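First comes the structure, then the notes that go with it.
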Amino acid sequence: MDDLTRPLHDRFGFSAFRPGQEQVIRAVLARRDTLAVMPTGQGKSLCYQLPATLLPGLTVVVSPLIALMQDQVEALRRRGIQAAAFHSGLSEHERDRVIQSLRLQQLKLLYLAPERMQHDAFLRLLKSCLVSLLVVDEAHCVSQWGHDFRPDYLKIGRLREELRTPPCLALTATATRRVQDDCCDRLRLHDPLRLVMGFRRRNLALSVRPCRSRAEKLSELVRLVDASPEGTIVVYCATRRAVEEAAGYLSQSRRHVGFYHAGLSDEERRLVHENFQRGAVRILLATNAFGMGIDKPDVRLVVHFDVPGSVEAYYQEAGRAGRDGRPASCVLLFHERDLGTQEYFIQQAATDGGGSERADRMRTLLQDMIAYVLGQSCRQLAILEYFNDDQELAEGRCGLCDRCLASSSTNHTVFRSGPQTSARALLETVSWCGGRFGVGRVVDIVRGSRSKELLSYGADRSPAYGSARTESKTAVTRTLRQLIDEGYLRVEGSEYPTIGLTKKGVDALAREESVTISSQSRMAHGQAEQSYTPQRPLQTAPIMDPVLFERLRRLRTELAAEEGVAPFVIFHDKTLRLIAHQKPSTRAALLEIPGIGETKVERFGRRVLEVVNGDG
Ligand code: ADP
Ligand code: ZN
């Protein structure tokens, strides 16, 4: 047994670390700031509880979940580790006891509710202790991009300074790249280790079914329910009305149907919950009000009757399927009218005091959701990419989702001998670049660019330099994107994204195998989009067209790749949103949009207009 397995075994009774734990613990013990994103149940607590027993002095854990603190403290005490919790729910006597044990330096761990941080006397006391580690649990609460922002969390940065900047470990179960960046900034993490992992769900078959009407959605729902005779089914709808409508429709011919939404009385909700838990309700229709605390292992099917507002929400809800590890399906029914409902929620949130910033953030989250719906690559990979779970990305496609199934039923093209750019040449080039460049430069090298800058890096000596000289930039870029989609390559960093090999890519190179890319998904982009011709949603005020916005974003990605710059250099989100809102159809109208000057119109105007006018 090594230095860490011994205490893991002796103190906690576990024989081995779960994935990620050891890496985080070693970083923490080496005093490195760390951000760890792991799904619920993966074992985040151990990542600080074990170090707390090995470090001198005190580990302070900021956590908003007072109810859970007490459990944790008791479990630690049973293991002979001195721990306490400090929050507003304590009696005076209990509070005194905590203060006393802090004074006597008896504690190894102190759980602290965020609202307790700013009490001066308490801060002074903490300052007099040796704090070796500051842990921020539920760290996404510090980000306005998260789904659970808490203003109190903004004070953690100051607390940390007051405590003479101990190393900081930030933990959360959900954080997109944006939220991760925000956590690092706001908690002032210094050169942090970022570890994101465990988001792949191998037993879930994810799919999206485009529907042309509400009636089509209802009949699709019936079909799905009938095809799933075993286990429990959960159907998520966006509104109470939709819940009741769909429940009414299903219960005409099926038994054991129940529904749940915030409009029911407490008593009614309790009853539904109970019936669901004990199996008397087999098919449950619910709004997102249903979920917290449900942990039914045998859910075989989760249907999203309406598109949810974010990928986080979607994956959290879909993820309730197949907790027992057996195969389960998650189907999202997509009718673009639903976007009107979401837009309504967004405007509602803005007028409910969230302001336009809140609305903007919600809109961005919704756009990511639409990108998922319209996406052409493996659904599981799309989710992993969304959460930046590089480790799991490297494992490649899921083979279960609608995209994987569609591509496996069509021919695969072996790129090595084909007329297109050799996938191998691209992998070799990326490997040669060693993480220095983004998509644009890699493409330039394969196409034999004579740019001074690239030549100064010795690009002409790279193994596949110029091997795609006869091909267009767009074609080569497309192949490269495909390699990213299929998990051979990955993009790193958000401001100046660079490109690197995944483990799958390294393996493919090492084995000298031919790299195959499905021909279907290579051409699929244009095809699929045509089935979603945007209609104006049911709103009186003109609103932004989210489908158009998504297309513009895609164009921006292309342009950015061609220019070898970051997307925001081409256009800001705000600008794209204005275009999607005003739909300028001529160059002159385009010039009216703030953020677009002569130069941009000159360079990109034609292609933007093609997209707006629907022929791009
Ligand atoms: P999270 O905070 O990520 O939701 P917890 O820290 O509550 O997860 O841990 C979930 C469960 O996993 C707990 O019951 C914990 O005891 C257990 N656990 C954690 N690490 C290990 C391990 N290395 N081996 C076995 N069980 C573990
Ligand atoms: Zn897949």
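Note that the structure is a prediction, hence the values are computed from the model and not measured. Order of appearance sets the numbers: ligands from 1, and atoms from 1 within every ligand.
Taking the centre of each ring, Phe290 and Phe276 come in below the 6.0 Å mark. Here the two rings, on Tyr314 and His304, have centers that are under 6.0 Å apart.
More than 12 heavy atoms of other shown residues, nucleotides or ligands fall within 6.0 angstrom of atom CZ in Arg79. More than 12 heavy atoms of other residues, nucleotides or ligands sit less than 6.0 Å from atom CZ of Arg77.
Considering Met38, His9, Gln21 only, the shortest heavy-atom separation from atom 20 (N) of ligand 1 involves Gln21. Scanning Tyr48, Phe14, Phe17 for the heavy atom closest to atom 22 (C) of ligand 1 points to Phe14.
Atom 7 (O) of ligand 1 has its closest protein heavy atom at Ser45 OG, 3.7 Å. In terms of protein heavy-atom proximity, atom 26 (N) of ligand 1 is closest to Arg18 NH2, 3.2 Å. The nearest heavy-atom contact from the protein to atom 9 (O) of ligand 1 is Gly43 CA, 3.4 Å. With respect to atom 1 (P) of ligand 1, the closest heavy atom belonging to the protein is Gly41 N, 3.4 Å.
Inspection of the Gln49 and Gln72 side chains reveals an N or O donor paired with an N or O acceptor under 3.5 Å. Side-chain contact annotation: Glu115 with Ser88, donor-acceptor N/O pair under 3.5 Å present. Remark: the Asp402 side chain and the Ser207 side chain contain no N/O donor-acceptor pair separated by less than 3.5 Å. Tyr488 and Gln482 share no side-chain donor-acceptor pair at under 3.5 Å.
Listed for the Thr502 side chain is no donor-acceptor partner under 3.5 Å among the backbone atoms of Gly500.
Annotation for ligand 1: atoms under 4.0 Å from non-hydrogen atoms of Ala16 are 22 (C), 23 (N), 24 (N).
A salt bridge is defined here as a Lys NZ or Arg NE, NH1 or NH2 lying under 4.0 Å from an Asp or Glu carboxylate O, and Arg553 with Asp368 meets this definition.
In this structure, atom 13 (C) of ligand 1 has no protein heavy-atom contact shorter than 4.0 Å.
Residue contacts with ligand 1: Leu8 is placed with no nitrogen or oxygen under 3.5 Å of a nitrogen or oxygen of the ligand (distance criterion only).
Protein N/O/S atoms nearer than 2.8 Å to the Zn ion (ligand 2) total 4.
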